[in-house]
Amino acid sequence: MDDTRVSFIPSPTMSQSSDYDDPQNENCSALKRRIATLEEQNAELRGERSNKCRGDPYLLSGRAIRRLVSLNYRVEDLVGEYDRRTTLCGEDDVQHTDEEDRIYDSFEQLRRWVPCIRDLIHSQSDGYQLNSAYQKLNRGADSARGDDAASLKLAVASWLNEKQPTPNPAISSRDKSGRGFYHDATAELICPVDFDWADKSTQDGIRNYDHNFQVTAHSWPTFMYQDGRYNREDPTRGLFKGTLLVRTFKHIFTSPSSAGETRPDEETFHQEPLYKRSRTSGERRTRSDVAALLGMRSVHPRAIAYSAVQLRFALSSCGSWRIVDDEFDHYQFYNYMIDYFERPPTSTAKASVENLLVWWNRQIFGPSNVSSYSPQVVAQYSVANTSARR
């Protein structure tokens, strides 16, 4: 499906609440949405759901959701948590579970990346119209995930078959049943870093579902690490820097052709300075990529997590999308990555994440766009100093 105009489509005209900050209006809107959800569920049971309309702006806007908001939550779940907290506003000692906090964090991302949701949650539309919009957003979200999976199914096979020595047998681009732990080329990449795929006992243990060789989301897949090297004494070194992971991100968010491009690693930037030059007219882009259409000017952690899930699925032998593949839980895998980026436990860990994102942005957008992903602290520079001393 074409991703054009995702972030620039105005939301359908709807009447707005006169005061977004009025608690009474907020509560009224929340109750209306709850009623609308029940009405929609009733309509589904009666088989009255409307047919898909591919040109609908909500379908196009929804394509950002899986990529930048949440791997599996539905829009009504996210808005429902917002409504729940709205109705609790003013109550003392309100406690939220970790899952509720995850849902609300995703709701905040929804408001950021799908602007039309702000109009929807404050609209005075009837229940059918409201839930029809939510379902279209959901279908757009799942459609984008399906399109990305289908495209990566072919791309990943091509990348692996280009390696030297070439895989034997070659990776099929159509049939995934021979991937996963049925082929050494893919097995080595999805093997948990806590095990050594080169060890015959590991191969036998994983393939025979030995309880000592369980493949779960509690262990990072090898493809997550730069050159597949995991250091138990320094486990963050090289994490999220796997070559295939970066190529997958580029394939989804910049363009399939850019996935073949490589940039120097961070050490190379210090050794070999890159001199600035202007882009000539012949180098200007002729079309917008997905990142530009989504308004993503820097690498977003949830986009990295989404790319990792898509890559893991593409390397597996699983023929159709599912949250749990054997014992590997994609949702749990996704949440571990989100926690790593968004919930660093210490200031040192936070600084490490910031440095990692700078590395990612250099890989994806190049060093010449540094101001987009690492803006200056302008207060410490000469213009601000001049103004302050006048």
Side-chain angles (χ1 to χ4, degrees), residues 7 64 67-68 109 112-113 148 152 155-156 159 189 220-231 234-280 283-285 287-311 337-338 340-342 344 347-378 380-381:
S7 66
R67 293 164 169 167
L68 289 167
Q109 297 299 325
R112 174 181 179 182
W113 296 109
D148 291 336
L152 283 165
V156 167
W159 299 340
L189 291 165
W220 299 118
T222 299
F223 69 76
M224 295 287 288
Y225 279 87
Q226 191 171 39
D227 300 322
R229 296 175 183 172
Y230 165 66
N231 185 340
D234 187 9
T236 63
R237 182 176 179 81
L239 180 59
F240 293 101
K241 292 185 177 181
T243 300
L244 277 186
L245 178 56
V246 175
R247 294 185 75 174
T248 298
F249 186 102
K250 288 183 176 182
H251 183 92
I252 295 172
F253 290 99
T254 55
S255 71
S257 60
S258 71
E261 301 173 356
T262 58
R263 297 187 186 275
D265 195 8
E266 55 189 353
E267 289 83 3
T268 309
F269 282 115
H270 297 299
Q271 298 168 4
E272 301 177 8
L274 296 178
Y275 298 100
K276 293 184 178 181
R277 65 182 181 86
S278 299
R279 178 180 289 167
T280 66
E283 292 177 293
R284 290 175 184 149
R285 293 179 180 176
R287 63 182 296 274
S288 295
D289 53 46
V290 173
L293 293 166
L294 295 174
M296 188 175 74
R297 299 183 62 193
S298 61
V299 174
H300 193 268
R302 296 192 178 217
I304 299 175
Y306 173 78
S307 298
V309 170
Q310 282 283 8
L311 177 56
M337 291 184 282
I338 297 303
Y340 184 92
F341 282 102
E342 298 183 1
S347 58
T348 301
K350 182 178 179 181
S352 176
V353 166
E354 291 172 351
N355 290 333
L356 177 59
L357 289 174
V358 169
W359 181 92
W360 261 93
N361 277 286
R362 283 179 172 266
Q363 298 298 307
I364 304 304
F365 297 109
S368 61
N369 297 318
V370 65
S371 61
S372 296
Y373 51 81
S374 185
Q376 291 179 311
V377 181
V378 297
Q380 68 187 31
Y381 289 97

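Atom set for the values below is all heavy atoms of this structure, side chains included, hydrogens, waters and symmetry mates excluded. From a predicted model like this one, the values you see are computed outputs, not experimental measurements.
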Nearest atoms (heavy-atom pairs only) where [X] meets [Y]:
{"X": "Leu68", "Y": "Arg302", "value": "O-CD, 3.6 Å"}
{"X": "Lys250", "Y": "Ser258", "value": "CD-O, 3.3 Å"}
{"X": "Met296", "Y": "Ala303", "value": "SD-CB, 4.2 Å"}
{"X": "Ala308", "Y": "Phe223", "value": "O-CZ, 3.7 Å"}
{"X": "Ala64", "Y": "Leu294", "value": "CB-CD2, 3.4 Å"}
{"X": "Pro235", "Y": "Tyr225", "value": "O-OH, 2.6 Å"}

Query raised in the report: Is a side-chain N or O of Asn361 found less than 3.5 angstrom from the main chain of Val299, in a donor-acceptor match?
Result: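 Between the backbone of Val299 and the side chain of Asn361 there is a qualifying donor-acceptor contact (under 3.5 Å).
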Requested in this report: Answer yes or no: is there a donor N or O on one side and an acceptor on the other, between the side chain of Thr248 and the main chain of Leu244, under 3.5 Å?
Outcome: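 It does hold such a pair.
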Report task. I would like to know whether Ile364 and Phe249 meet side chain to side chain contact (heavy atoms under 4.5 Å, CB included); could you show each step before the answer? Result -> CA-CA 8 Å; Ile364 304 304; Phe249 186 102; 3.6 Å; yes
Check whether any side-chain heavy atom of [X] sits under 4.5 Å from a side-chain heavy atom of [Y], and report yes or no.
{"X": "Pro221", "Y": "Leu189", "result": "no"}
{"X": "Tyr340", "Y": "Leu356", "result": "yes"}
{"X": "His251", "Y": "Asp148", "result": "no"}
{"X": "Arg237", "Y": "Tyr230", "result": "no"}
{"X": "Val290", "Y": "Thr254", "result": "no"}
{"X": "Val246", "Y": "Trp359", "result": "yes"}
{"X": "Ile304", "Y": "Trp360", "result": "yes"}

Requested in this report: Can you measure from CD1 (Ile338) to CD (Gln109) and round to the nearest 0.5 angstrom?
Outcome: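 Ile338 atom CD1 to Gln109 atom CD measures 8.5 Å (nearest 0.5 Å).
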Query raised in the report: Quick one: CZ on Arg247 to CD1 on Ile252, what's the gap to the nearest 0.5 Å?
Result: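 If I round to the nearest 0.5 Å, the distance is 13.5 Å.
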Query raised in the report: Centroid-to-centroid, Trp220 to Phe240, below 6.0 Å?
Result: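 Trp220 vs Phe240: aromatic centres under 6.0 Å.
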Requested in this report: Show the numbers, then the answer: is there a side chain to side chain contact (heavy atoms under 4.5 Å, CB included) between Met337 and Met224?
Outcome: CA-CA 11 Å; Met337 291 184 282; Met224 295 287 288; 3.8 Å; yes
Query raised in the report: Do NZ/NE/NH1/NH2 and the carboxylate oxygens of Asp227 and Lys241 come within less than 4.0 Å?
Result: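 The answer is no: the pair does not qualify as a salt bridge.
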Query raised in the report: Please walk me through it: do His300 and Arg112 pass side chain to side chain contact (heavy atoms under 4.5 Å, CB included)?
Result: CA-CA 12 Å; His300 193 268; Arg112 174 181 179 182; 3.5 Å; yes
Query - Listed once per pair and sorted, the salt bridge (charged side-chain N to carboxylate O under 4.0 Å, His left out) pairs that draw on residues 347-356, sequence neighbours left out - result: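 Found none.
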